[in-house]
Amino acid sequence: MRSIFIVLGFIAAVLGLVLAVTPLSQIAYIPAIVALLFGLIAFYISKQNQFPKKSVYLIFLITFISLVLTTYKAVFNTSEAGNLENLELKEEASMEDSKETLEGLELDENEIDSTESDTLEIDVLHNLEELQDQ
């Protein structure tokens, strides 16, 4: 039972460390907390049965490093918004270009003659009758 918690703790701790160094660092808190829980359970079982605790300490160390990195990135990395006026001007220019493009297109209207629509209705009704007969 202890080995299962140690393996799960290692997996969660390494996942937390990997997420901590990627741009998805905000998500790293979840596997780090899970690794802490698994580490605490493994530590409790190791303490009761007097097993070696070095692997549990390694889980705690990796988890601590991932939490420190994640907290550092959350505190010191600020996302800088660009000049919003430039974005608004580009959006307006894009809208104007789209309008000009649409105005320049000549749309052909495809109208169905009344005789064509009547034949379509008859064909549909005929097919429905055939399906009901089967």
Side-chain angles (χ1 to χ4, degrees):
M1 190 69 164
R2 172 184 167 264
S3 61
I4 292 172
F5 287 116
I6 289 175
V7 169
L8 291 174
F10 271 124
I11 291 171
V14 169
L15 181 65
L17 185 63
V18 168
L19 287 174
V21 297
T22 62
L24 300 172
S25 62
Q26 297 298 323
I27 303 173
Y29 287 113
I30 296 169
I33 291 172
V34 170
L36 282 176
L37 290 176
F38 287 141
L40 287 173
I41 294 170
F43 182 76
Y44 179 73
I45 293 172
S46 295
K47 190 174 182 181
Q48 277 186 341
N49 298 330
Q50 296 184 357
F51 289 126
K53 298 174 191 81
K54 290 184 181 182
S55 58
V56 178
Y57 292 146
L58 185 60
I59 292 172
F60 289 144
L61 178 67
I62 295 171
T63 304
F64 179 74
I65 291 170
S66 69
L67 285 173
V68 167
L69 284 172
T70 304
T71 306
Y72 174 81
K73 286 179 85 172
V75 171
F76 291 109
N77 284 353
T78 57
S79 59
E80 296 178 9
N83 192 353
L84 296 178
E85 293 175 6
N86 288 340
L87 291 175
E88 290 174 0
L89 290 175
K90 287 180 183 178
E91 184 179 339
E92 288 176 12
S94 174
M95 289 292 282
E96 289 174 7
D97 289 342
S98 298
K99 287 179 184 178
E100 290 174 5
T101 304
L102 287 175
E103 288 173 358
L105 292 177
E106 293 180 15
L107 300 176
D108 296 332
E109 294 182 13
N110 295 328
E111 295 182 8
I112 299 177
D113 295 336
S114 61
T115 56
E116 290 177 2
S117 64
D118 290 340
T119 56
L120 287 175
E121 288 177 17
I122 292 171
D123 288 339
V124 169
L125 289 175
H126 181 65
N127 290 337
L128 284 175
E129 288 174 358
E130 286 180 1
L131 287 174
Q132 288 176 353
D133 290 339
Q134 292 176 0

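Residue indices begin at 1 and follow the sequence shown.
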Could you pull out the closest heavy-atom pair between [X] and [Y], with the gap in Å?
{"X": "Ser55", "Y": "Arg2", "result": "OG-NH2, 3.8 Å"}
{"X": "Val56", "Y": "Gly39", "result": "CG1-O, 3.4 Å"}
{"X": "Val14", "Y": "Ile62", "result": "N-CG2, 4.1 Å"}

Can you measure from [atom1] ([X]) to [atom2] ([Y]) and round to the nearest 0.5 angstrom?
{"X": "Lys54", "Y": "Tyr57", "atom1": "NZ", "atom2": "OH", "value": "10.5 Å"}
{"X": "Leu37", "Y": "Ile59", "atom1": "CG", "atom2": "CD1", "value": "11.5 Å"}
{"X": "Thr63", "Y": "Leu15", "atom1": "OG1", "atom2": "CG", "value": "10.5 Å"}
{"X": "Tyr44", "Y": "Ile41", "atom1": "OH", "atom2": "CD1", "value": "11.0 Å"}
{"X": "Leu19", "Y": "Ile30", "atom1": "CG", "atom2": "CD1", "value": "9.0 Å"}

Main-chain N/O of Val68 paired to Thr71 side chain as donor or acceptor, under 3.5 Å: no
Lys73 (side chain) donor-acceptor with Thr22 (main chain) under 3.5 angstrom: yes
Evaluation steps, side-chain contact (heavy atoms from CB on, under 4.5 Å), between Leu58 and Phe10: CA-CA 8 Å; Leu58 185 60; Phe10 271 124; 3.5 Å; yes
Enclosure of Gln50 CD (heavy-atom neighbours >12, cutoff 6.0 Å): no
Lys53 atom NZ, over 12 foreign heavy atoms within 6.0 Å: yes
